[in-house]
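Comments concern the structure below.
Keep in mind that this is a model prediction, so the values were computed, not measured. For the numbers below, each heavy atom of this structure counts, side chains included, while hydrogens, waters and symmetry mates do not. Naming convention: chains lettered A, B, ... in sequence-line order (proteins, then strands); numbering from 1 in each chain.
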Amino acid sequence: MTTERYNAREAEPKWQKAWEEQAIFAARNDDSRPKYYVLEMFPYPSGRIHMGHVRNYTMGDVVARFMRASGYNVLHPMGWDAFGMPAENAAMANKIHPRTWTYANIETMKAQLKRMGLSLDWAREIATCDPSYYKHQQKMFLDFVAADLVERKKSKVNWDPVDQTVLSNEQVIDGRGWRSGAPVEQRELVQWFFKITKYSDDLLAAIDRLDRWPEKVRLMQKNWIGRSEGLLTRFALDPATTPAHETELEIFTTRPDTLFGARFMALSPDHPLAKSAAEKSPELAAFIAECKRTGTATELIETAEKFGFDTGIKAIHPFDPNWKLPVYVANFVLMDYGTGAIFGCPGHDQRDLDFVNKYQLGVTPVVLPEGQDPAGFTITTIAYEGEGRMINSRFLDGMTIAEAKEEAARRLERQTYNGRPVGERKVNYRLRDWGISRQRYWGCPIPIIHCDACGVVPVPEKDLPVELPDDIEFDRPGNPLDRHPTWKNVACPQCGKPARRETDTMDTFVDSSWYFARFTDPWLETAPTDRRVADRWLPVDQYIGGIEHAILHLLYSRFFVRAMRAAGHLDLDEPFAGLFTQGMVVHETYKKADGTYVMPAEIKIEVKGEQRQASLLSNGDPVEIGSIEKMSKSKRNTVDPDDIIATFGADTARWFMLSDSPPERDVIWTEDGVQGAWRFVQRLWRLVNEMSAIAAAVGAPKPNEFSEPALAVRKAAHGALAKVSDDIAKLRFNRCVAHIYEFANAIAASLADRPAGASQDLAWALREAADILVQLFHPMMPHLAEECWAALGHDKLVAEVPWPAVEKALLIEETITLPVQVNGKKRADVVVPRDAGNAAIEAAVLQLEAVQRALDGKAPKKVIVVPQRIVNVVA
RNA sequence: GCCCCUGUGGCGGAAUUGGUAGACGCGCCUGACUCAAAAUCAGGUGGUGGUAACAUCGUGCUGGUUCGAGUCCGGCCAGGGGCACCA
């Protein structure tokens, strides 16, 4: 038979138009069916989509189409994370306005996404740079201020010298800015903070209930929040050695058990006591200044040598009024963790040991490892941080560490100094408040006015949104808003006198912390959300995106739903009930002789035996095939999705993205793999047409009896249906692909073997199998599926057809084949009735020639029959 | 330094969660069709021995539990990721 090739270039736009005209992917807020919200992390409009987007959105689309066919009211929206530095960089480089640049990119990328055939509800499209979006964000900022979730404070912050802006802790990776890669410096600035630490406890505890999140992400968030239980302890200060008005020093420790091993106290250079001591001591003041001068780059600070300076102050040991400890100022003590002061126990903390060795303060071991002889136990250069029993610790001697911690805490809680308890149990978190001020133009303005008379005044709600000015200069580094001639000059809303607008804008991660809620009703003008609508759609049932947001975006969004609940915008525990983090798209790299990289499109590869050799298309020069790396512009190993779609069609790209690699792992993009996917598209097209031709002769009623070949086809179809359904639900797309291949192979085999003059029952079975086959690959390759569905004579779109039901009876075989082992080695198969008893199976197995040969005349000791699984004969 | 994950053919990876290791795809080899190529179709493809039936070894290394281990436990090795002066 002659079937023309499937022409993706013609078919794909045709079906995209059909879906759009019938608006079948539009979700209604008043639909009574059960809801399902599937969302992929929305893109930054950088210019063009890349293969990472293709992979991400294909996965989401498979889930969306499958759930829609399964009877759910599916919400599958798309938008743009549209504020950010690259737009300003483009403005500086090309003299184009950030808005113009951003919207042009959105237009390009939207057209690209449409060519992928995604089942998106474009009516809900949002862009975070649109005032109709950010005005609600400004409203929420004010709501958060009212709910005491915002704070303006001076603090040490991370300063990115290249992007000329502050960064949050989460945005500093290995001491460098997450975007610019520049070493981050420390600066003291007045900044706006969201009080995410108010929710430290809840953010941590709720992780255990996120059972559809990857374990890895949960663990990373737990570590990031970093809970530790310890004791706040107030040490009295020896008045003879201490500046006036200073009477005590409070420290935080997780090891109160080691208090009898204490040798010194240490203060952060920023500690108030250090500062007050420095007033009388120029040497100390110089030391503190030196600490700050060591460098402002975080990288330097972390590798700097540990230094201390003895203030002369003595602290009194809480368990012994006669025991005095020297108080140092030390460069390694952080002001913003605990109380900014510690006690040092050199025996059981490596850093403290290094410190005492430097200043000859001595060591007292207080924890003895189990089985160690106390006589010979000394600590010189390596601290013992393991388990053991207390020694040299008076009333704690002989206790385990846990017992000693408890006993020390109990005593200190009861003890008082200046009328208050000396010890207080305290949980400390590593998590810091989220600094959201950015000294940039292309972001959401912070709706605040600074008045000399009234102080910090919120912009009245009626004046929202505070819009960005259009006439803006990018000729110099720094914040363009701050040097705008007029924008910041405004009357104080309270007193009417001249005042200044806040010129910092919000971190763009604020924009992305609530967009999933806005999608539930993006048309609403009066509020960020319609609470009833938001509560119905949320949480997102399946969220899909990159692992790089394991902390950043995913933690901020979790904070935001809590803050939005406090402000009354929704009532939700968690934003994302199910999370899936997909792997990257990676590709071989190619290097010319001069060491520069070339793009995959510029070379050809030939296979000579086992060797693959690459050469330049232009002049045939040899090219070295390098390592496999994440697709990136710098390595020039990118493949443009548009080129692939133009050559092979979107379905081929989608199918390849889902094939082979498990979705959470990296996928290697290869030309051969794409060719393979494209071949399968053509093969399916031929197969469906061939089936269709045979099925055309079929009568309508389902036959009562099926012959062996027809039954085999039906079993293959329903077996594939059961497996693919299960695997899509579990996001195991690579297994879905394999099952569809198996099913197609089974049909091809039965077509090849079929008797001449096909019978009615086989024709009916093939017609059923063809329908199921097309429906099975529809979520992955929707255009080809529509084309095939039409070829099979259906009127409706396959995108609208309910998912087929499995006939479970077909999955149960009457006879089963059990593998037979002798002493754990497979020797034969045995075919038995499905419900055969163990005795019957045992008898049949022992008759087998291969078993008797393997037994070699020996009598079997026992025969283990695992029903429906395996038989093992033990000789 | 601490925490976590991964290790299976030439390659990507399957393996019903303790039950036939290598499904499916890529690549490669052989054949059919063709003047030829492409495309398509058929067959083969973990190593070793054998024409074959078959035997034997084989899931990073090593020891253990079990009738049976890629899967569980102990100890190593390698690769990747996260955190890192956190008191």
Report task. Kindly determine whether A:Lys358 and A:Asp354 satisfy salt bridge (Lys or Arg N to Asp or Glu O under 4.0 Å), including the steps that lead there. Result -> CA-CA 6 Å; A:Lys358 186 161 188 154; A:Asp354 296 343; over 6 Å; no

Report task. With the side chain counted from C-beta on, respond yes when A:Val674 and A:Trp669 share a heavy-atom pair under 4.5 Å apart, and no when they do not. Result ->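 Counting from C-beta outward, A:Val674 and A:Trp669 do come under 4.5 Å.
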
Regarding [X] and [Y], do their side chains bring together a donor and an acceptor under 3.5 Å, going by distance alone?
X	Y	answer
A:Thr197	A:Asp433	yes
A:Tyr741	A:Ser659	no
A:Asn745	A:Arg683	yes

Rounding to the closest angstrom, what is the interatomic distance between [N] and [M] at atom [atom1]?
N	M	atom1	result
B:G10	B:U45	C1'	11 Å
B:G58	B:G46	C1'	8 Å
B:C85	B:G12	C1'	43 Å

Atom [atom1] of [X] to atom [atom2] of [N]: distance rounded to whole Å?
X	N	atom1	atom2	answer
A:Ile747	B:C24	CD1	C1'	16 Å
A:Ile740	B:A23	CD1	C1'	15 Å
A:Gln868	B:U17	CD	P	13 Å
A:Arg665	B:G13	CZ	P	5 Å
A:Glu588	B:C11	CD	P	14 Å
A:Asn223	B:C4	CG	C1'	8 Å
A:Arg732	B:G25	CZ	C1'	18 Å
A:Phe733	B:G13	CZ	P	17 Å

Output side-chain donor-acceptor pairs under 3.5 Å for residues 258-273 of chain A, partner residues at least two apart or in another chain, one line each.
residue	atom	partner	partner atom	Å
A:Thr258	OG1	A:Arg255	O	2.9
A:Arg263	NE	A:Thr364	OG1	3.3
A:Arg263	NH1	A:Leu361	O	3.1
A:Arg263	NH2	A:Thr364	OG1	2.8
A:Ser268	OG	A:Asp270	N	3.1
A:Ser268	OG	A:Val333	O	3.3
A:Asp270	OD1	A:Lys292	NZ	3.3
A:Asp270	OD2	A:Lys156	NZ	3.1
A:His271	ND1	A:Leu273	N	3.0

Between [options], which one does the side chain of [X] approach most closely?
X	options	result
A:Arg869	B:C85, B:G19, B:G25	B:G19
A:Thr254	B:A87, B:U20, B:U17	B:A87
A:Glu742	B:U20, B:G82, B:A23	B:A23
A:Leu334	B:A87, B:U17, B:G13	B:A87

Query raised in the report: How about A:Ile382: does its CD1 atom have over 12 heavy atoms from other parts shown lying under 6.0 Å from it?
Result: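 No, because the 6.0 Å sphere around CD1 of A:Ile382 holds 12 heavy atoms or fewer from other groups.
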
Query raised in the report: Pairs in or reaching into residues 860-875 of chain A: which pass side-chain hydrogen bond (donor to acceptor under 3.5 Å, both in side chains), with residues at least two apart or in two chains?
Result: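 Sorted result for residues 860-875 of chain A: empty, none.
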
Query - RNA chain B contacts among residues 654-663 of chain A, heavy-atom distance under 4.0 Å - result: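 Those residues whose heavy atoms fall under 4.0 Å from RNA chain B, taken from residues 654-663 of chain A in numerical order, are A:Asp660, A:Ser661, A:Pro662.
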
Query raised in the report: How does protein reach along nucleotides 66-76 of chain B, written 5' to 3' as B (base within reach of a heavy atom under 4.0 Å), S (only sugar-phosphate), or - (no contact)?
Result: -BS--------

Query - First of A:Met220 and A:Thr339 reached from the 5' end of RNA chain B, by closest nucleotide - result: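 It is A:Met220 whose nearest nucleotide is closer to the 5' end.
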
Report task. Select from A:Thr670 and A:Phe252 the residue whose nearest nucleotide in RNA chain B is closer to the 5' end of that strand. Result -> A:Thr670

Query raised in the report: Between B:C86 and A:Arg351, is there an OP1 or OP2 to side-chain N/O distance shorter than 4.0 Å?
Result: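 Answer is yes, contact under 4.0 Å.
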
Report task. Check whether any side-chain N or O of A:Tyr337 sits under 4.0 Å from OP1 or OP2 of B:A87, and answer yes or no. Result ->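 Yes.
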
Could you check whether [X] gets within reach of a base, just the sugar-phosphate, or nothing at all, counting any heavy atom under 4.0 Å?
X	value
A:Asn745	sugar-phosphate
A:Asn428	nothing
A:Val333	base

Requested in this report: Evaluate the criterion side chain to side chain donor-acceptor pair (under 3.5 Å) for residue pair A:Tyr429 and A:Ser228; output intermediate values, then yes/no.
Outcome: CA-CA 6 Å; A:Tyr429 295 92; A:Ser228 63; over 6 Å; no

Query raised in the report: Under a 4.0 Å N-O cut-off, is there an ion pair linking A:Asp727 with A:Arg732?
Result: yes

**Report entry** Assigned glycosidic conformation for B:U45 [threshold 90° from 0]
**Finding:**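 It is anti.
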
Query raised in the report: So, is B:G9 syn or anti if syn means the angle is within 90° of 0?
Result: syn

Report task. Starting at the 5' end of RNA chain B, write a dot or bracket for each base, bracketing those in Watson-Crick or G-U wobble pairs whose two distances are under 3.5 Å and using | for partners on another strand. Result -> (((((((..(((......[....)))((((((.......))))))((((....))))..(((((..]....))))))))))))....

Under the salt bridge (charged side-chain N to carboxylate O under 4.0 Å, His left out) rule, collect the residues that match up with [X], sequence neighbours excluded.
X	result
A:Arg9	none
A:Glu215	A:Arg218
A:Glu813	A:Lys715

Query - Nearest-0.5 Å distance that lies between atom CD in A:Glu629 and atom CD in A:Glu588 - result: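 Answer rounded to 0.5 Å: 11.0 Å.
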
So which protein N/O to nucleotides 54-56 of chain B N/O distances come out below 3.5 Å?
residue	atom	partner	partner atom	Å
B:A55	OP1	A:Arg827	NH1	3.2
B:U56	OP2	A:Arg827	NH1	3.2

Query - Inter- and intrachain pairs under salt bridge (Lys or Arg N to Asp or Glu O under 4.0 Å), touching residues 652-680 of chain A, at least two apart - result: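 Of all non-adjacent pairs touching residues 652-680 of chain A, those that pass salt bridge (Lys or Arg N to Asp or Glu O under 4.0 Å) are A:Asp61-A:Arg654.
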
**Report entry** Stepwise ring-ring contact (aromatic ring centres under 6.0 Å, His included) check, A:Phe307 with A:Phe332
**Finding:** CA-CA 8 Å; A:Phe307 283 108; A:Phe332 60 85; over 10 Å; no

Nucleotide N/O to protein N/O under 3.5 Å, stretch nucleotides 40-48 of chain B:
residue	atom	partner	partner atom	Å
B:U40	O3'	A:Arg686	NH2	3.1
B:C41	OP1	A:Arg686	NH2	3.2

Query raised in the report: Mind checking what makes ring-ring contact (aromatic ring centres under 6.0 Å, His included) contact with A:Trp224, not counting sequence neighbours?
Result: none

Requested in this report: Decide salt bridge (Lys or Arg N to Asp or Glu O under 4.0 Å) for A:Glu250 and A:Arg234; before the verdict, give the C-alpha distance in whole Å, the side-chain angles of both, and the deciding distance to 0.1 Å.
Outcome: CA-CA 4 Å; A:Glu250 188 170 51; A:Arg234 296 161 63 231; 5.1 Å; no

